[in-house]
Each structure stands twice: as C-alpha cells, then as structure tokens.
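Proteins get letters first, then strands, A, B, ... in listed order; numbering begins at 1 in each.
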There are 2 protein chains.
Amino acid sequence: MKNSSTPQGDLSAQIAASIRDAIIAGDLIVDARLPSEAELSEQFKVSRPTVREALKRLAAQALIRTQRGATGGAFVNHLKYPDAYDQQITTSTLLLSMNEVSIATACEARFALERACTRLSAERRSPDHLATMRAEMFRQSQPGLSDEAFCASDVAFHRALVDGAQNPVMSYQLAGAVEAMQPLMNMITFTARSREKIVALHGQIADALEAQNAANADDALTELEAYTISLAKDVLDARAHR
Amino acid sequence: MKNSSTPQGDLSAQIAASIRDAIIAGDLIVDARLPSEAELSEQFKVSRPTVREALKRLAAQALIRTQRGATGGAFVNHLKYPDAYDQQITTSTLLLSMNEVSIATACEARFALERACTRLSAERRSPDHLATMRAEMFRQSQPGLSDEAFCASDVAFHRALVDGAQNPVMSYQLAGAVEAMQPLMNMITFTARSREKIVALHGQIADALEAQNAANADDALTELEAYTISLAKDVLDARAHR
DNA sequence: GATTTTTATATGTCTGACAATTGATTTTGA
DNA sequence: TCAAAATCAATTGTCAGACATATAAAAATC
C-alpha cells in the first residue's frame, strides 16, 4: 500500500511507521501490549526519548493508548468510531480551510454524499431519528437563535438523516463531510426568511423519510443544496462590494 | 466543537491540543513558524522533551512540519489532499478491521457512496478517466494476475470513476471508502469466471459514463455490489465448513 | 565579485535521573 | 485464617543538561 521500503525521516518517524505497519498487518492485535519503552529502545537501538516520540505519534492517531503503573505500558488501541470521527472531522475541516475549496464544491460533495443515504435512510430510519430531526427543526425555528447555534442544529439534523441509514461505516464517512462544512456555513448570516426556507426544506426531508419516499428526500436535498450555494454566493458578493 | 475546557491527559497531550486548537481557529496560519522548542518550553513551563512529544503528535497528524537548521523550526503545514488521503485510508482500514464490520455493511456503504458520484462523473469525466478505466479493465482480464494485483487494479478503476466527478472533496471522502475495502477484498479468491463477470460489469460502467448515462452506471454498480457480497458470502461459507 | 569558511541557531539524539502511578506482594493485626 | 495496611517493583511521565547535525546567513578569503 505504501512505500515502507525506503526508511525516511527521523528515527522516531521510522519507528512509529514500523510499529504502525505491524498493527495494520495484524502482527500486533488489539489490546496487545507493546514492549516497554526501555525494551523498545534496546530493540531499535535508540534512546528512550526517541522511542517516546514515536509512541506519541501513534497515540496522536489513536493507534495505541498508554497506561502508567506496574502492569502499564503501551497497548494497541481498539479504534472506535468516535475516535475515527474526531480525526476525520479535524482533517476534513483543515483540508477545506487550507485549500481554498469553494463553498460550491464543498456543498456539491456534501449533498451528493447525503443523497447516497436517502434510500437506506427512508427504508430503515427509526422513530428516534425522525424525532431528532423534528426536534432540531423546532430549535431552528426559535427566534433569537445565534447563527452558530443554527448551524450546529443544522449539522445535528443532517447527522440524524445520515444515521438513519443504520450503517456505521456510512455514518463515519459522512461525519467529515457534514461537520467540516460547519465553519464555512458559520460565515453565512441567516436572515429570518432564509431560516424559514431552510426549515421548510428540512420539513420536506423529514416528511419524505417518514413516508419512506427517498425520491422526495432527494429532491428536497437538491433544492437545499442550490439554496445554500446561492446564500453563500450572496455573502461573498456583499463582501466583495465593501 | 470539542471540550477544550477540561485539560486532560499528559502535558504533551495538552500542549498539542492547545496548539492544534490555535491552528484550527486560524490563530496560526499556514506556513507560520511556531516558537522554537526552547521558547515553547518556557511559555508552557515544561521541559523541551515534553514540548517535543507534543510537536510529534501534531506532526503525526500532518498539522506541522519541522525543519532543521538556522532558519528551521516547526511550521504550520499546508494540509494537502495526499496527506489527508493517507490518514483517511489508515484510519478507515483499521476501523473496518477492528470493529467486526461485515463485508455486506462495508460494501453497502462503499457502493452507495460511489453511486453518489455517477451523476457528476457521467457529466464531467475526461477522456483520461475513461482511458484509465479501460486500461485497468485490460489489466484485470490478463490471466495469471494475482488476487492482490486484481484487487489493486479494481481500486484503481473505482478511483478513476470517483475522480471523474472532478470534485476533489468527493475524491478525498471516497478514498477511504474505496481503499479501506481492499484488505477485505483480498480475502476473496477470484475465480476466472468471477473475474470475467466483474470486468464485464466494469465495462458496463465505463460504457455508461462514456455515454454520459448515469442511470446505467448506477444499475451496474448495484449489480456489482450484489455480486461482490455474494462472492464474499461464498468465501465465508466455505471457511465455516472447514 | 565569487568562493570558501565560519558562525549562529535550530532540531535531532543521548544519558541519567527523579516523580508519579498502580498492580502485586508482603506484612501486620484481629 | 482472613482482611487491611504497608511495601515493593515495574512502568510511564517529566526534567536537566549535553552533544550531534543540519542549514542559512555572515564573514573571510582569494
């Protein structure tokens, strides 16, 4: 998969890569205990600080966890969905903010991926998911809600839509796409009228999923996509005028 | 987004979180130079090894890069797509292998997301993308190809399909979904007949995209999904018999 | 003026030490 | 004997100080 042939970079990077490869290859199974830092420094012929730097690199990716004490050490971590979510969201957010991705491009990707969920979500969504959507819609229609809170509720609504597909892999993949948009959305000032329209479209989506009508949900999502892009465009145009 | 209120964990983890937050918040812009390790250890009132562990954590997430020498130091890294791909693929792969995700669930997510690309890909795919798909199909029909090489070519084919949408955000999101499946796919032994059928479906997809017919591509993908799942089921059944 | 040498500054690595945590072991007391 | 308390041992977390190495800028040299 990768060029593990050419050792590159610092010693700590090489050691981290070596251990990472062992984990991915399955040579180190979940909850297996790595040798102690002292033993690792002997094995790799480096000092303990260098070993520690390598272990911290792995810890940052949630590949290992460490425990102090007599029976402590570094253990191969069971990578759970929340850990993966966090990483994905951080990476996606920075990727969008650093690569001059247009709001149109990001929206296109996000809504296309969300539409990939509608068929499954229409089929499998539980009453819980529908209730979450309605609750978030209610929150969104409260007057006096800050733009940030409105966006956060919007994210929650769409996550409920995605989670309705009852496919954790899909939820994981979509987490980044949905959440990473939030900083971009926060730049938009939502007028009372635009909020009203968005909530109405959310209503159409929720109704369609409740009726298990994926096509209607698709249409509403498409309309929401176009409306979001047009709102963003207005903001950018207004900003250009100043 | 996160609970940055409660400082948790080791000092190096706290310091890493603090710097990470500053990067995400935009207080540290791309290519900005962080204070030297000596200065950071003064600011945070910790020793240099501790600062270094924190910096290695950030380097592992490709948030910073370091440079030695007189004008060296730690710089906020411009997170590029390939960096993000690598992280996504590593995380997705481990997530699948550690969470007993069924092949059916993973396939469902992957193909649903791929179908999200077909409309755009049918519209925008370049001759290059089509050529890549044809070339991979040719490789896949060569006799004597190992199962691993067949799977790798399969990944390349599907990446061309995704890249055809000409949306880098989508390509990034899908990279994990497609590549993370490869280890699972490698467990399948592809007979000559099953390869033939897969290549035939690939042909349908390529033809549909060339004709800019998204619906046909969708159908072929759906059939490919069902066929992949049935192949995987056969392997598992055969394994259960022994 | 171009080239070489020096220098300053930064990260990379090492050694050795001590602090803190924690499960296991031993001791103590009823 | 058994339970509680004290001790121990192993391990990670942190620190101080040093030297090695890389690198760009400055100085010296031709």
Legend entry - Residue B:T66, side-chain heavy atoms: nucleotide from C:dG12, C:dG23, C:dT13 that is nearest: C:dG12

Inset, instruction - Taking A:S121 for its side chain and A:L161 for its backbone only, find out whether a donor-acceptor pair lies under 3.5 Å. - result: yes

Inset, instruction - Check every nucleotide of DNA chain D for an atom under 4.0 Å from a heavy-atom of chain B, then give the first and the last such nucleotide from 5' to 3'. - result: D:dG13 to D:dA24

Inset, instruction - Write down the atom of A:A160, the atom of A:M133, and the distance for their closest heavy-atom approach. - result: CB-CG, 3.8 Å

Inset, instruction - Provide, to the nearest angstrom, the distance between the CD atom belonging to A:E53 and the C1' atom belonging to C:dG12. - result: 8 Å

Legend entry - Shortest non-hydrogen contact from B:Q67 toward B:F75: OE1-CE1, 3.7 Å

Legend entry - Nearest listed nucleotide, side chain of A:R48, among C:dA17, C:dG12, C:dA19: C:dA17

Legend entry - Partner of B:L40 by side-chain contact (heavy atoms from CB on, under 4.5 Å), out of B:L55, B:V46, B:T50: B:L55

Inset, instruction - Describe the nucleic acid contact of B:R33 in one word from base, sugar-phosphate, nothing, applying a heavy-atom distance below 4.0 Å. - result: sugar-phosphate

Inset, instruction - Could you say whether B:S36 or A:Q67 is positioned toward the 5' end of DNA chain C, judged by the nucleotide with the nearest heavy atom to each? - result: B:S36

Legend entry - Distance, nearest 0.5 Å, that separates CE of A:M170 from SG of A:C117: 3.5 Å

Inset, instruction - Would you please confirm or rule out a distance under 4.0 Å between OP1 or OP2 of C:dT11 and any side-chain N or O of B:R52? - result: no

Legend entry - A:E37 CD - C:dA17 P separation (whole Å): 18 Å

Inset, instruction - Find out whether A:Y81 and A:S171 are in side-chain contact, i.e. whether some heavy atom of one side chain is under 4.5 Å from a heavy atom of the other. - result: no

Inset, instruction - Map A:P49 and A:G73 onto DNA chain D by nearest heavy atom, then report which one ends up closer to the 5' terminus. - result: A:G73

Legend entry - Short side-chain N/O contact from A:T71 to OP1 or OP2 of C:dG23, under 4.0 Å: no

Inset, instruction - Please report, rounded to the nearest Å, how far the C1' atom of C:dG12 is from the CZ atom of A:R57. - result: 11 Å

